[in-house]
Number of protein chains: 2
Amino acid sequence: MKRDSRLSSVLHALLHMAERDAPMTSEQLSRCLGTNPVVVRRTMGFLRRAGIVASDRGQAGGWRIAADLSAITLRDLHVALEEPGFFAIGHRNDTPDCLVEQSVNAALDQTLAEAEALLLRRMGEITLADLAKDFATRFAARRQQVEDWKNGA
Amino acid sequence: MKRDSRLSSVLHALLHMAERDAPMTSEQLSRCLGTNPVVVRRTMGFLRRAGIVASDRGQAGGWRIAADLSAITLRDLHVALEEPGFFAIGHRNDTPDCLVEQSVNAALDQTLAEAEALLLRRMGEITLADLAKDFATRFAARRQQVEDWKNGA
DNA sequence: TTTCATGTAACTTCATATGTTACGATTCGC
DNA sequence: GCGAATCGTAACATATGAAGTTACATGAAA
């Protein structure tokens with residue numbers, strides 16, 4: 001199945017934006033993400049409508065984060081993107097007459113619902129601030145690595 | 001997103017087979033599932049290769065369950081079908097150079113991995129025998145309902 | 001030997017995520 | 001005001017993958 005990568009994309013974009021003071025244009029973001037400015041506008045539009053980012057037109061325009069990093073969770077982004085569901089598996093018929101199919105649906109639905117609840121809970125616990133911190137750690141580690149390499153050479 | 005419904009389909013098929021003594025043909029199963037005999041053969045082929053069902057050609061041939069109902073779990077079926085993953089969301093680039101993207105991937109992967117582990121655990125606890133029992137309960141309830149309706153009329 | 005069934009390749013169809021083109025609307029600097 | 005930069009969005013193109021379909025080979029039983 002073709003997986004929806006918009007959540008990953010907007011996270012990537014938001015963290016890049018968080019590293020800067022000035023707004024970033026769709027064109028800049030599209031280069032970060034390896035995609036197209038129109039795709040960026042289309043996807044970020046969901047976040048704008050959810051109040052997570054704001055956009056300005058004209059020169060010196062672009063996208064900026066409109067909320068506190070520690071107040072934006074992965075769950076918020078998932079909801080904002082209106083992602084239709086987490087799962088690549090499902091059943092064909094939502095309201096079957098066949099009792100056998102009803103048993104099958106009930107078992108699958110219950111199992112998937114439990115996993116979905118876990119996902120939503122966990123995603124509600126992870127904020128953009130957490131990711132930015134994780135990035136800072138990685139960045140420091142790489143900088144140290146480069147430093148070591150320079151000294152060794 | 002187009003969801004993979006093969007797990008649902010084979011469960012449906014297996015429960016119908018469990019209700020009978022004789023083998024069922026692809027044609028019969030396809031009518032139960034509202035699909036095509038070739039699709040049934042293609043999908044059930046995964047279960048045959050996993051030893052969960054057996055098939056016989058020729059007259060009086062068809063499909064039969066080759067293991068104990070209480071020994072077949074949803075997880076076994078999921079694995080047998082070689083379903084590529086549970087999730088409809090994911091990230092675009094598996095081995096990014098960008099440190100920001102690495103942070104994003106790490107966070108998403110960890111969250112999804114946790115949910116996947118839960119799913120596999122739960123699916124490993126549910127057997128075909130459990131579903132057959134649930135079906136029996138629903139069947140009895142409906143029979144009672146019909147009985148009541150007859151008496152009332 | 002005929003009939004019925006599976007096994008499988010090849011192709012079609014359909015849904016949908018993503019990419020692209022085009023153009024209108026808005027804002028800024030001059 | 002004018003022109004450049006930028007978003008907003010419609011319309012269309014492309015790619016991927018699940019499921020459906022056709023065709024035919026293989027094997028088993030009456």
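Each chain gets a letter, A, B and so on, in the order its sequence line appears, and its residues count up from 1. Basis for what follows: all heavy atoms, side chains included, without hydrogens, waters or symmetry-related copies.
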Next item on the list: Enumerate the residues from residues 40-54 of chain B whose closest heavy atom to DNA chain C is under 4.0 Å, giving them by residue number; use none for an empty result.
Entry: B:Arg41, B:Arg42, B:Arg48, B:Arg49
Item checked: Pairwise salt bridge (Lys or Arg N to Asp or Glu O under 4.0 Å) hits with a residue in residues 47-59 of chain A, at least two apart -> A:Asp56-A:Arg64
Note to self: Does any part of the side chain of A:Thr127, heavy atoms only, come nearer than 4.5 Å to the side chain of A:Ile72, both counted from C-beta?
What the structure shows: no
Notebook entry, point to check: Looking at five pairs on each end of the helix from C:dT1-D:dA30 to C:dC30-D:dG1, what is the angle between the two axes, given to 10 degrees?
Noted result: 0°
Checklist line | Closest-nucleotide ordering on DNA chain D, the 5'-leading residue of A:Gly61 and B:Ser5 | finding: A:Gly61
Name the pairs: protein N/O against N/O of nucleotides 28-30 of chain D, kept only if under 3.5 Å.
{"from": "D:dA29", "atom 1": "N3", "to": "B:Gln59", "atom 2": "NE2", "distance (Å)": "3.1"}

Next item on the list: Could you state the atom-to-atom distance from CZ of B:Arg6 to P of D:dA18 in whole Å?
Entry: 7 Å
Next item on the list: Could you check which residues of residues 12-38 of chain A get a heavy atom under 4.0 Å from DNA chain C? Sort them by number, please.
Entry: A:Thr35, A:Asn36, A:Val38
Note to self: Could you go through B:Leu33 and B:Ser9, starting from their C-alpha distance and side-chain angles, then the distance that decides it, and tell me whether this counts as side-chain contact (heavy atoms from CB on, under 4.5 Å)?
What the structure shows: CA-CA 7 Å; B:Leu33 305 186; B:Ser9 290; 4.2 Å; yes
Item checked: side-chain contact (heavy atoms from CB on, under 4.5 Å) evaluation trace for B:Leu108 with A:Ser8 -> CA-CA 8 Å; B:Leu108 284 180; A:Ser8 168; 3.9 Å; yes
Next item on the list: Starting at atom CG of B:Asp4, determine the distance to atom P of D:dG17, rounded to an integer number of angstrom.
Entry: 12 Å
Notebook entry, point to check: Hey, what do you get for CG (A:Leu120) to CD (A:Glu125), rounding to the nearest 0.5 Å?
Noted result: 11.0 Å
Next item on the list: Could you walk me through whether B:Leu99 and A:Phe135 pass side-chain contact (heavy atoms from CB on, under 4.5 Å), step by step?
Entry: CA-CA 7 Å; B:Leu99 289 176; A:Phe135 163 72; 3.7 Å; yes
What nitrogen or oxygen pairs link the protein and nucleotides 13-16 of chain D at under 3.5 Å?
{"from": "D:dA15", "atom 1": "N3", "to": "A:Lys2", "atom 2": "NZ", "distance (Å)": "3.1"}
{"from": "D:dT16", "atom 1": "O4'", "to": "A:Lys2", "atom 2": "NZ", "distance (Å)": "3.4"}

Notebook entry, point to check: To the nearest Å, how far apart are B:Glu83 CD and D:dA18 C1'?
Noted result: 12 Å
Check: Got a sec, which residues hit salt bridge (Lys or Arg N to Asp or Glu O under 4.0 Å) with B:Glu116, two or more places apart in sequence or on another chain?
Finding: none
Check: Between C:dA17 atom P and A:Leu81 atom CG, what is the distance in whole Å?
Finding: 12 Å
Item checked: Nucleic acid contacts - residues 104-113 of chain A versus DNA chain C, non-hydrogen atoms under 4.0 Å -> none
Note to self: We want to know whether B:Gln144 and B:Asp148 form a side-chain donor-acceptor pair, criterion being a heavy-atom distance below 3.5 angstrom.
What the structure shows: yes
Check: Who pairs with A:Thr137 by side-chain contact (heavy atoms from CB on, under 4.5 Å), at least two apart in sequence or on another chain?
Finding: none
Notebook entry, point to check: Should A:Arg41 and A:Ser55 be marked as a side-chain contact (heavy atoms from CB on, under 4.5 Å) after you check the CA-CA gap, both sets of side-chain angles, and the distance that decides it?
Noted result: CA-CA 9 Å; A:Arg41 286 199 281 275; A:Ser55 57; over 6 Å; no
Check: Pairs in or reaching into residues 91-111 of chain A: which pass salt bridge (Lys or Arg N to Asp or Glu O under 4.0 Å), with residues at least two apart or in two chains?
Finding: none
Next item on the list: Output yes when at least one side-chain N/O atom of B:Ser55 is less than 4.0 Å from OP1 or OP2 of C:dA5, else no.
Entry: no
Next item on the list: Give, for atom CG of A:Leu128 and atom CG of A:Leu77, the distance between the pair rounded to the nearest 0.5 Å.
Entry: 5.5 Å
Item checked: Under 4.5 Å side-chain linkage, directly or through intermediates, the cluster mates of B:Leu118 -> A:Leu118
Margin query: Under the side chain to side chain donor-acceptor pair (under 3.5 Å) definition, can you give me all pairs with a residue in residues 74-85 of chain A, not counting sequence neighbours?
Written below: A:Thr73-A:Asp76, A:His78-A:Glu83
Margin query: Whether B:Arg3 engages the ring of A:Phe87 as a cation-pi pair (distance to the six-membered ring centre under 6.0 angstrom, angle to the ring normal within 45°) should be assessed.
Written below: no
Note to self: Can you confirm whether A:Gln110 is buried at CD, in the sense that more than 12 heavy atoms of other residues, nucleotides or ligands lie under 6.0 Å from that atom?
What the structure shows: no
Check: Going from CE on A:Met123 to CD1 on B:Ile89, what distance comes out if it is rounded to the nearest 0.5 angstrom?
Finding: 5.5 Å
Notebook entry, point to check: Taking C-beta and beyond as the side chain, do B:Gln102 and A:Arg142 meet within less than 4.5 Å on heavy atoms?
Noted result: yes
